[in-house]
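If you're wondering where the values come from, they're calculated on a predicted model, not measured in any experiment. Note that the numbering runs from 1 along the sequence shown for the chain.
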Amino acid sequence: MALGAGLNFSYAAEDNFYKSTIFGGSLIGLFSPVPQVQLSAEFEELRVARDFDSDLIADQDYWYPALFLGAGYNTGPVTVGVRYDVLYDSRKSIYANAWAPFFRVYF
């Protein structure tokens, strides 16, 4: 069993169109019922601020929560798997899909 915390930050801009700033944090718990299988639960909270230069698109400023449940195959210092956001909202999420692959390396 393992617990951890993370910080996230992203900034993107396109001249004469928009600026996007996203920041937040996450807490993750990992559990291996057998050595080859890793189960995970991760809660992530992100502040999303998107400023558009056009009057046709409304600016966005909100908090977005995500709760990822995942399973992976563990081969020692590397785990590969998939996770699913059970709180996924396609209108607000910064992710294109509720499903996401993951790749973890331990050292």
Side-chain angles (χ1 to χ4, degrees):
M1 177 176 261
L3 298 172
L7 295 173
N8 301 325
F9 179 79
S10 171
Y11 176 81
E14 186 174 331
D15 289 341
N16 301 318
F17 182 58
Y18 83 105
K19 287 187 275 186
S20 172
T21 305
I22 301 167
F23 65 89
S26 64
L27 297 172
I28 189 169
L30 306 172
F31 174 69
S32 292
V34 294
Q36 296 82 12
V37 175
Q38 182 185 85
L39 304 177
S40 62
E42 180 178 7
F43 179 74
E44 178 180 76
E45 185 79 30
L46 299 176
R47 180 67 171 183
V48 179
R50 294 178 178 137
D51 298 317
F52 294 91
D53 293 338
S54 171
D55 292 334
L56 301 175
I57 304 173
D59 291 345
Q60 300 172 340
D61 192 10
Y62 58 89
W63 286 96
Y64 183 77
L67 178 59
F68 297 101
L69 302 179
Y73 178 70
N74 188 15
T75 61
V78 174
T79 302
V80 177
V82 65
R83 65 186 191 167
Y84 180 78
D85 181 2
V86 297
L87 302 177
Y88 184 76
D89 180 346
S90 62
R91 295 168 294 143
K92 292 186 173 186
S93 179
I94 65 166
Y95 304 108
N97 194 308
W99 292 96
F102 66 79
F103 181 81
R104 296 182 182 128
V105 178
Y106 307 96
F107 50 93

Could you check whether any side-chain heavy atom of P65 comes within less than 4.5 Å of a side-chain heavy atom of F43, counting everything from C-beta outward? yes

Once rounded to the nearest 0.5 Å, what's the spacing between atom CG of L69 and atom CG of D85? 8.5 Å

Which side chain to side chain donor-acceptor pair (under 3.5 Å) pairs, counting each pair once, include a residue from residues 66-75, with sequence neighbours left out? N74-T79

Could you check whether any side-chain N or O of Y62 sits under 3.5 Å from a backbone N or O of K92, counting only pairs where one atom can act as donor and the other as acceptor? yes

Using the rule that Ile, Leu, Val, Met, Phe, Trp and Tyr join whenever any side-chain heavy atoms are under 4.5 Å apart, tell me whether I28 and V80 fall into a single cluster. no

Check whether NZ of the Lys or CZ of the Arg R83 lies under 6.0 Å from the centre of the six-membered ring of F102 and within 45 degrees of that ring's axis. no

Residues forming a ring pair (Phe, Tyr, Trp, His ring centres under 6.0 Å) with F31, sequence neighbours excluded: none

Once side chain to side chain donor-acceptor pair (under 3.5 Å) is applied, what residue pairs with a partner in residues 19-39 remain, sequence neighbours excluded? S26-E42, Q38-R104, Q38-Y106

Over all heavy atoms of both residues, which pair between A71 and L39 is shortest? Give the atoms and the distance, please. CB-CD2, 4.0 Å

Which pairs with one or both residues in residues 55-75 pass salt bridge (charged side-chain N to carboxylate O under 4.0 Å, His left out), sequence neighbours excluded? R47-D61

Taking only residues two or more places apart in sequence, or in another chain, which ones meet D89 in a salt bridge (charged side-chain N to carboxylate O under 4.0 Å, His left out)? R91

D53: partners by side-chain hydrogen bond (donor to acceptor under 3.5 Å, both in side chains), with sequence neighbours left out: none

Holding to ring pair (Phe, Tyr, Trp, His ring centres under 6.0 Å), I want the full list of residues that pass it with Y84, two or more places apart in sequence or in another chain. W99

If you count heavy atoms of other groups shown closer than 6.0 angstrom to CG of D15, is the number above 12? no

Those residues at least two apart in sequence (or on a different chain) that pass side-chain hydrogen bond (donor to acceptor under 3.5 Å, both in side chains) with Y88 are none

Test side-chain contact (heavy atoms from CB on, under 4.5 Å) on I94 and R50; report intermediate values, then the result. CA-CA 11 Å; I94 65 166; R50 294 178 178 137; 3.7 Å; yes

Taking only residues two or more places apart in sequence or in another chain, which ones pass side chain to side chain contact (heavy atoms under 4.5 Å, CB included) with F17? E14, F52, I57

Take F68 and S40, measure what side-chain contact (heavy atoms from CB on, under 4.5 Å) needs, and give me the verdict at the end. CA-CA 8 Å; F68 297 101; S40 62; over 6 Å; no

Could you measure the distance from the CD atom of E45 to the CG atom of L27? Nearest 0.5 Å is fine. 10.5 Å

Taking salt bridge (charged side-chain N to carboxylate O under 4.0 Å, His left out) as the test, write out the residues that go with D51, two or more places apart. none

Run through the side-chain heavy atoms of Ile, Leu, Val, Met, Phe, Trp and Tyr, join any pair under 4.5 Å, and report what else lands in W63's cluster. F9, Y11, F23

